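Taking it in order: structure first as structure tokens, then the write-up.
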Number of protein chains: 2
Amino acid sequence: MDDVKIYQHLADCGIKPSVQRIAIMRYLMEHRTHPSADEIYSELVNKIPTLSKTTVYNTLKLLAEQNAALMLTIDERNAHFDGDTTPHAHFLCKQCGTVYDIPAHEVLTCAKPCVPGEFHTDSVDLYFRGRCPKCNCEN
Amino acid sequence: MDDVKIYQHLADCGIKPSVQRIAIMRYLMEHRTHPSADEIYSELVNKIPTLSKTTVYNTLKLLAEQNAALMLTIDERNAHFDGDTTPHAHFLCKQCGTVYDIPAHEVLTCAKPCVPGEFHTDSVDLYFRGRCPKCNCEN
DNA sequence: AACAAGGTTGTAATCATTACAAATATGGAC
DNA sequence: GTCCATATTTGTAATGATTACAACCTTGTT
């Protein structure tokens with residue numbers, strides 16, 4: 001993926017770039033697998049041997065705060081992260097742990113007005129849990 | 001709240017009653033505050049001095065598995081529990097941490113069909129995050 | 001080059017949750 | 001009621017994700 005695109009995305013979200021931030025943002029944009037902080041660290045430490053896990057956590061928190069990425073709490077075990085900030089839902093397979101994207105534009109756009117007006121909503125998350133097609137067939 | 005009602009609810013969900021299970025289920029039914037495991041423990045240990053935190057965790061997991069209660073992962077810090085299993089959404093105030101109920105029957109009933117058929121959906125959670133009316137006014 | 005501000009690193013906590021094994025309670029057979 | 005098998009509870013000790021913190025490194029500026 002083009003570096004410029006990543007720079008631009010970070011800039012758009014008011015985030016100053018750094019080698020680590022770009023690497024992490026790039027990873028999220030190129031991998032649509034909803035990785036955990038640990039997975040991101042394990043992958044990137046190969047390319048940036050000095051990378052620290054604290055940096056990964058700090059950066060992911062920053063990205064989420066600035067809406068450059070989503071932090072998903074669908075999995076009680078650990079947070080997952082998503083580089084796609086456009087409205088969509090998620091499905092967690094309780095068997096294999098995979099988090100799937102679920103297109104649900106219409107649901108989310110109709111969901112916002114359901115919150116009484118005095119609540120100031122920053123984010124709407126729609127989470128589905130169950131068994132994915134793969135695990136449904138296996139057993 | 002009538003003991004019979006709680007017994008019945010547990011029985012309906014295939015859960016054998018015990019002093020601890022009834023106390024925890026009762027607490028969830030009488031307190032609509034979406035308590036954490038720790039809050040439940042702290043309250044109930046006054047009435048059941050021998051209560052163990054492990055029992056609270058075990059019981060809450062059992063209740064959630066049997067659909068006698070909901071485990072909410074809206075808060076990244078810890079799980080919250082809800083004795084109301086009828087379809088509704090939740091709102092987490094990022095400032096004060098309160099979890100509010102949001103009536104959203106229509107959203108949820110329309111949400112299920114959005115998941116492609118091969119996914120077997122056990123639960124649908126709709127989570128809103130932001131500032132509640134109280135915190136909105138204060139600052 | 002010197003400096004200040006911000007970013008990164010590694011280690012050591014924190015804290016929610018779980019594993020586990022011993023102790024206790026429950027319900028049925030006799 | 002007693003005995004036994006089974007399920008439940010308890011307390012302590014792990015686990016494991018996340019954060020606190022202080023030292024170190026980078027970067028841009030004068």
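What you see below is based on every heavy atom in this structure, not just the backbone, and it leaves out hydrogens, waters and symmetry mates. In this text, all values refer to a predicted model and were calculated from it rather than measured experimentally. Sequence lines set the chain letters: A, B, ... in the order given, protein chains first and strands last, and positions in each chain run from 1.
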Indicate whether OP1 or OP2 belonging to C/dA25 is found under 4.0 Å from a side-chain N or O atom of B/Gln20.
-> no
Using a 4.5 Å cut-off on heavy atoms from C-beta on, say whether the side chain of A/His88 contacts that of A/Thr86.
-> yes
Got a sec, which residues hit salt bridge (charged side-chain N to carboxylate O under 4.0 Å, His left out) with A/Asp12, two or more places apart in sequence or on another chain?
-> none
Donor-acceptor pairs under 3.5 angstrom involving side-chain atoms of residues 19-30 of chain A: please list them, not counting sequence neighbours.
{"unit_1": "A/Arg21", "atom_1": "NH1", "unit_2": "A/Lys16", "atom_2": "O", "d": "2.8"}
{"unit_1": "A/Arg26", "atom_1": "NH1", "unit_2": "A/Met1", "atom_2": "O", "d": "2.7"}
{"unit_1": "A/Arg26", "atom_1": "NH1", "unit_2": "A/Glu30", "atom_2": "OE2", "d": "3.3"}
{"unit_1": "A/Arg26", "atom_1": "NH2", "unit_2": "A/Asp3", "atom_2": "OD1", "d": "2.2"}
{"unit_1": "A/Glu30", "atom_1": "OE2", "unit_2": "A/Met1", "atom_2": "N", "d": "2.8"}

Just by modelled atom types, is the A/Thr55 backbone N or O under 3.5 Å from a matching donor or acceptor in the A/Thr59 side chain?
-> yes
Note: contacts of residues 40-49 of chain A with DNA chain C (heavy atom, under 4.0 Å) are none
Euclidean distance, atom CG of residue B/Leu51 to atom C1' of D/dT12 [Å, nearest integer] | 16 Å
Would B/Ile15 end up clustered with B/Tyr57 when hydrophobic side chains under 4.5 Å apart are linked, directly or stepwise?
-> no
Between D/dA17 (P) and A/Leu72 (CG): distance, integer Å | 17 Å
Polar atom pairs (N or O), protein with nucleotides 23-29 of chain D, under 3.5 Å:
none

Would you classify A/Thr55 as touching base, sugar-phosphate or nothing, given that sugar-phosphate means primed atoms plus P, OP1 and OP2, and contacts are heavy atoms under 4.0 Å?
-> base
Are A/Glu39 and A/Thr33 close enough, and set up right, to give a side-chain contact (heavy atoms from CB on, under 4.5 Å), and what steps lead you there?
-> CA-CA 10 Å; A/Glu39 284 165 354; A/Thr33 53; 5.6 Å; no
Please report the closest heavy-atom contact between A/Asp84 and A/Arg32, naming both atoms and the distance.
-> CB-NH2, 2.7 Å
Under 4.5 Å between any side-chain heavy atoms of A/Val56 and A/Leu44, yes or no?
-> no
Partner set under salt bridge (charged side-chain N to carboxylate O under 4.0 Å, His left out) for B/Lys53, not counting sequence neighbours = B/Asp38
Nucleotide N/O of nucleotides 14-22 of chain C paired with protein N/O under 3.5 Å:
{"unit_1": "C/dT17", "atom_1": "OP1", "unit_2": "B/Ala79", "atom_2": "N", "d": "2.9"}
{"unit_1": "C/dT17", "atom_1": "OP2", "unit_2": "B/Tyr57", "atom_2": "OH", "d": "2.7"}
{"unit_1": "C/dA19", "atom_1": "N6", "unit_2": "B/Thr54", "atom_2": "OG1", "d": "3.3"}

With the side chain of B/Lys16 defined as its heavy atoms from C-beta on, choose the nearest nucleotide among D/dT10, D/dT8, C/dT8.
-> D/dT8
Taking A/His34 for its side chain and A/Val99 for its backbone only, find out whether a donor-acceptor pair lies under 3.5 Å.
-> yes
Protein-nucleotide distance (B/Ile15, atom CD1; D/dA7, atom P), rounded to Å | 16 Å
B/Ile22 has an atom CD1; how far is it from atom C1' of C/dA25, in whole Å?
-> 14 Å
Kindly check if the number of other-residue, nucleotide or ligand heavy atoms within 6.0 Å of CZ (B/Arg77) is above 12?
-> no
Phosphate oxygens OP1/OP2 of D/dT10: is one of them under 4.0 Å from a side-chain N or O of B/Thr50?
-> yes
